Colleague: 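One structure is given below, represented as structure tokens, and several questions about it will come after.
Bear in mind the structure is a predicted one, so any value in this text is a computation, not a measurement. All values below were derived from every heavy atom in this structure, side-chain atoms included, with hydrogens, water molecules and symmetry-related copies excluded.
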Amino acid sequence: MKKYFIQKAPFVVPTTDGKLIEEHHGLATTNNSAISIAHMIAPPGWSEPFQTPEFDEYTYIIKGKKQFIIEDETIVLEAGQSIKIEKNTRVQYSNPFEEPCEYLAICTPAFSMDAVNREE
């Protein structure tokens, strides 16, 4: 039995906002509830509603910039920077900039729509 798994076919999450989400490990791909790892590209002008996730989320910026509104504070990360946002923190993610933002998102436990708690 192999002691490793190489992900060659990540699950591409269907979206309606132009964002590319490729889950490499997590509930949708490997049925792993402990962690999810996704590669994402957020187009210029993209944003999500505020949310208060029941998981810690780590974000590493590969290219471009990404804006975070964490509670009442606005933070912008650039390529080569990363952040950890603790679970049960109200946050909004967006890319109000003119170029796409490519990044990795790691959630512990794994991302799920039931645990993200997006506002309407």
Colleague: Below 4.5 Å, heavy atoms only, C-beta onward: do Y58 and I83 meet side chain to side chain?
Modeller: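 Side-chain contact under 4.5 Å: no.
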Colleague: If I take atom OG1 from residue T89 and atom NZ from residue K84, how far apart are they, to the nearest 0.5 angstrom?
Modeller: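 With rounding to 0.5 Å, OG1 (T89) is 9.5 Å from NZ (K84).
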Colleague: Take atom CD of E54 as the centre, draw a 6.0 Å sphere, and report whether it contains more than 12 heavy atoms from other residues, nucleotides or ligands.
Modeller: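 Correct, the count exceeds 12.
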Colleague: Test of understanding: with side-chain hydrogen bond (donor to acceptor under 3.5 Å, both in side chains), list the residues that count as partners of D17, not counting sequence neighbours.
Modeller: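 Listed in chain order: W46.
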Colleague: So how far is it from I37 CD1 to L104 CG, rounded to the nearest 0.5 Å?
Modeller: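 Here the interatomic distance stands at 8.5 Å.
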Colleague: Roughly how far, to the nearest 0.5 Å, is OG of S94 from CZ of F50?
Modeller: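 If I round to the nearest 0.5 Å, the distance is 8.5 Å.
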Colleague: Check E48, Q67, E57 against Y93 for a side chain to side chain donor-acceptor pair (under 3.5 Å) and give me the one that passes.
Modeller: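 Answer to the side chain to side chain donor-acceptor pair (under 3.5 Å) test with Y93 among E48, Q67, E57: E57.
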Colleague: Rounded to the nearest 0.5 Å, what separates atom NZ in K2 from atom CD1 in I6?
Modeller: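 The distance works out to 7.0 Å.
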Colleague: Check for me whether K65 meets the cation-pi criterion with F97, that is, NZ or CZ under 6.0 Å from the six-membered ring centre and within 45 degrees of the ring axis.
Modeller: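 K65 over F97 ring: yes.
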Colleague: Would you find more than 12 non-hydrogen atoms of other residues, nucleotides or ligands less than 6.0 Å from E71 atom CD?
Modeller: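 Atom CD in E71 is packed in, count exceeds 12.
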Colleague: Taking I61 as the starting point, is it possible to reach V91 by hopping between hydrophobic residues whose side chains are less than 4.5 Å apart?
Modeller: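 Same hydrophobic cluster.
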Colleague: If you round to the nearest 0.5 Å, how far is CZ of R118 from CD of Q92?
Modeller: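 Answer rounded to 0.5 Å: 11.0 Å.
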Colleague: Does a donor on one side chain and an acceptor on the other come within less than 3.5 Å for E23 and H39?
Modeller: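 Distance-only check fails for E23 and H39.
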Colleague: Please check if V13 and M40 belong to a single hydrophobic cluster, counting links between Ile, Leu, Val, Met, Phe, Trp and Tyr side chain heavy atoms closer than 4.5 Å.
Modeller: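 V13 clusters together with M40.
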Colleague: Check whether the ring centres of Y103 and Y60 lie less than 6.0 Å apart, and answer yes or no.
Modeller: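 Centroid separation for Y103 and Y60: 6.0 Å or greater.
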Colleague: Determine whether a donor-acceptor pair (N or O, by modelled atom type, separation under 3.5 Å) exists between the side chain of D56 and the backbone of K87.
Modeller: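 The answer is yes, because a donor-acceptor pair under 3.5 Å joins these two groups.
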Colleague: CZ of F68 to OG1 of T74: how many Å apart, nearest 0.5 Å?
Modeller: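 Rounded to the nearest 0.5 Å, the CZ-OG1 separation comes out at 11.5 Å.
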